[in-house]
2 protein chains.
Amino acid sequence: MSRERAIEVADELRAVITAIRRRMQAEGPTDAYTASQLNVIANLAKHGPSTVTLLANVESMRPQSMGAIIATLESIGVVTGSPHPTDGRQTLWTLTPKSADEYNAGRDARSNWLYSAVSTGLSSEQLEELDRSLAALRRMLEK
Amino acid sequence: MSRERAIEVADELRAVITAIRRRMQAEGPTDAYTASQLNVIANLAKHGPSTVTLLANVESMRPQSMGAIIATLESIGVVTGSPHPTDGRQTLWTLTPKSADEYNAGRDARSNWLYSAVSTGLSSEQLEELDRSLAALRRMLEK
DNA sequence: ACTGCAAAGTTAGCCTTGCTAATTGGCGTA
DNA sequence: TACGCCAATTAGCAAGGCTAACTTTGCAGT
């Protein structure tokens with residue numbers, strides 16, 4: 001395969017990523033949650049109760065940074081923490097019932113820019129193709 | 001098409017984007033240029049001399065922010081500015097010959113994390129599929 | 001020619017996000 | 001029981017991009 005081609009696509013990937021990121025940031029204030037908050041919510045919904053440190057590892061982020069995100073989510077009633085049954089150092093965080101319901105119902109979808117852009121801007125075929133590319137990128141990240 | 005499916009893919013898109021972004025940031029110091037700087041360099045290489053305001057528009061960014069990026073690139077000798085021949089308000093920025101050569105030779109590819117990840121982590125088919133998805137995302141951004 | 005407004009760019013100050021360093025308190029093993 | 005490890009928190013910092021306000025230049029209407 002052509003190295004030139006890889007450079008071209010990487011250029012475009014970088015440009016699109018930065019553009020989407022800035023757009024998410026710009027639309028942020030009107031959205032219910034920030035990107036990082038949504039990542040945490042999705043993680044808790046998919047994998048159940050987690051500690052701050054575990055969430056930080058999943059997101060390739062420092063525990064201190066994740067701690068700040070969790071603190072914000074707690075203050076607005078999205079997550080609650082309970083002490084680990086046997087290990088007093090740990091706190092296990094879960095979505096509140098209300099937030100879990102909202103997530104499962106996809107209720108925040110309408111208030112989040114990326115969700116509505118994806119659902120109204122991409123065809124069914126484009127959606128599946130994007131999903132395959134994302135899977136490839138994820139594997140790329142793991143190396 | 002399923003709205004649920006769109007939500008799933010958007011979730012994954014957001015997660016992958018934030019992961020790549022953090023990774024680029026983390027690898028940044030060892031890279032030659034930041035993501036924003038590379039975006040500007042690619043733009044100048046593809047579309048020729050531009051003003052700060054034009055570059056800012058292309059990148060969906062404020063002129064003040066782009067001004068700072070250009071100032072940095074000028075200080076390290078990557079771009080040079082010259083007055084617009086007829087409009088005294090504008091300054092036209094171009095890549096220095098050395099930088100243009102480097103860009104065309106893809107010489108910075110080896111020193112940039114994203115380039116090397118893409119070229120070694122994706123197959124030729126995955127590369128083309130990704131390129132199609134990026135085109136779809138770009139159209140999505142323009143709405 | 002003169003007045004007045006638009007457009008390019010700059011300076012100053014702020015906010016957000018994630019980082020490192022250092023501390024506290026619980027855990028577990030020699 | 002003492003010592004080192006691990007979860008979490010607090011404090012301070014840097015990068016990136018934002019708004020607000022100002023200067024200079026160009027242009028259009030009278």
Side-chain angles (χ1 to χ4, degrees), chain A residues 14-15 17-40 49-76 79-93 113, chain B residues 14-15 17-40 49-76 79-93 113:
Chain A
R14 177 173 30 69
I17 282 179
T18 57
I20 292 182
R21 214 194 113 260
R22 275 197 287 261
R23 184 68 171 268
M24 281 196 290
Q25 183 107 341
E27 307 273 347
T30 65
D31 281 359
Y33 305 110
T34 68
S36 292
Q37 290 174 342
L38 285 169
N39 283 340
V40 170
S50 307
T51 64
V52 165
T53 300
L54 179 60
L55 286 169
N57 286 340
V58 171
E59 291 291 316
S60 304
M61 178 184 281
R62 301 298 162 193
Q64 300 96 310
S65 307
M66 183 56 73
I69 295 171
I70 289 290
T72 305
L73 287 176
E74 185 188 23
S75 74
I76 58 178
V79 301
T80 52
S82 50
H84 190 283
T86 63
D87 189 337
R89 294 168 301 180
Q90 301 183 29
T91 303
L92 287 170
W93 296 94
W113 170 77
Chain B
R14 177 172 30 69
I17 282 180
T18 57
I20 293 183
R21 215 196 114 258
R22 274 197 285 261
R23 184 68 171 270
M24 281 196 290
Q25 183 105 343
E27 307 272 347
T30 66
D31 282 358
Y33 304 110
T34 67
S36 293
Q37 289 174 342
L38 285 169
N39 283 339
V40 170
S50 306
T51 63
V52 165
T53 300
L54 180 59
L55 286 169
N57 286 340
V58 171
E59 292 292 316
S60 305
M61 180 185 280
R62 301 297 160 194
Q64 299 96 311
S65 308
M66 182 56 74
I69 295 171
I70 288 290
T72 305
L73 287 176
E74 185 188 23
S75 74
I76 58 178
V79 300
T80 52
S82 51
H84 189 283
T86 63
D87 188 336
R89 295 168 302 181
Q90 300 184 30
T91 303
L92 286 170
W93 297 94
W113 171 78

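Naming: A, B, ... by sequence-line order, numbering from 1 per chain.
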Side-chain contact, heavy-atom cut-off 4.5 Å: A:Leu92 with A:Thr51?
yes
For the OG1 atom of A:Thr80 and the CD1 atom of A:Ile70, what is their distance to the nearest 0.5 Å?
10.0 Å
The residue, A:Arg21 or A:Leu92, whose nearest nucleotide of DNA chain D is more 5′ is A:Leu92
What's the shortest heavy-atom distance between A:Trp93 and A:Val52, and which atoms?
NE1-CG2, 3.5 Å
Above 12 or not: heavy atoms from other molecules or residues under 6.0 Å from CD of B:Gln25?
no
Can you give me the bend angle of the helix from C:dA1-D:dT30 to C:dA30-D:dT1? Use the axis through the first five pairs and the one through the last five, nearest 10 degrees.
10°
Identify, between A:Trp93 and A:Arg22, the residue whose nearest nucleotide on DNA chain D lies closer to the 5' end.
A:Trp93
If I take atom CD in residue B:Gln90 and atom C1' in nucleotide C:dT10, what distance separates them, rounded to the nearest angstrom?
16 Å
In whole Å, I'd like the distance from the CD atom of A:Gln37 to the P atom of C:dT16.
12 Å
Closest approach of B:Thr53 and B:Pro63, non-hydrogen atoms and distance?
OG1-CB, 4.5 Å
Correct closest heavy-atom pair for A:Ala32 and A:Gln37 would be O-OE1, 4.5 Å
Identify the two heavy atoms, one from A:Arg89 and one from A:Asp87, that lie closest to each other, and give their separation to 0.1 Å.
NH2-OD2, 2.8 Å
List the residues meeting side-chain contact (heavy atoms from CB on, under 4.5 Å) with A:Ile17, not counting sequence neighbours, and say none if there are none.
A:Leu13, B:Ile17, B:Ile20, B:Met24
Is the shortest heavy-atom distance from the side chain of A:Ser50 to the side chain of A:Val40 under 4.5 Å?
no
Closest approach of A:Ala35 to B:Thr18 (non-hydrogen atoms, all atoms of both residues):
CB-CG2, 4.2 Å
Does any residue of residues 52-76 of chain A have a heavy atom under 4.0 Å from DNA chain D, and if so, which ones, in number order?
A:Val52, A:Thr53, A:Gln64
Chain A vs DNA chain D, heavy-atom contacts under 4.0 Å, first-to-last nucleotide span, 5' to 3', is D:dC6 to D:dG17
Does anything in residues 55-68 of chain A pair up under salt bridge (Lys or Arg N to Asp or Glu O under 4.0 Å), and if so which pairs, sequence neighbours excluded?
A:Glu59-B:Arg22
State whether the side chain of A:Asp31 and the backbone N or O of A:Tyr33 hold a donor-acceptor pair below 3.5 Å, judged by distance alone.
no
Looking only at heavy atoms, what is the nearest atom pair of B:Ser36 and B:Ile69, with distance?
CB-CD1, 3.7 Å
Reading nucleotides 23-30 of chain C from the 5' end, what letters show protein touch, with B for base, S for backbone sugar-phosphate only, - for no heavy atom under 4.0 Å?
--BBS---
Nearest whole Å is fine: how far is C:dT17 C1' from A:Met24 CE?
13 Å
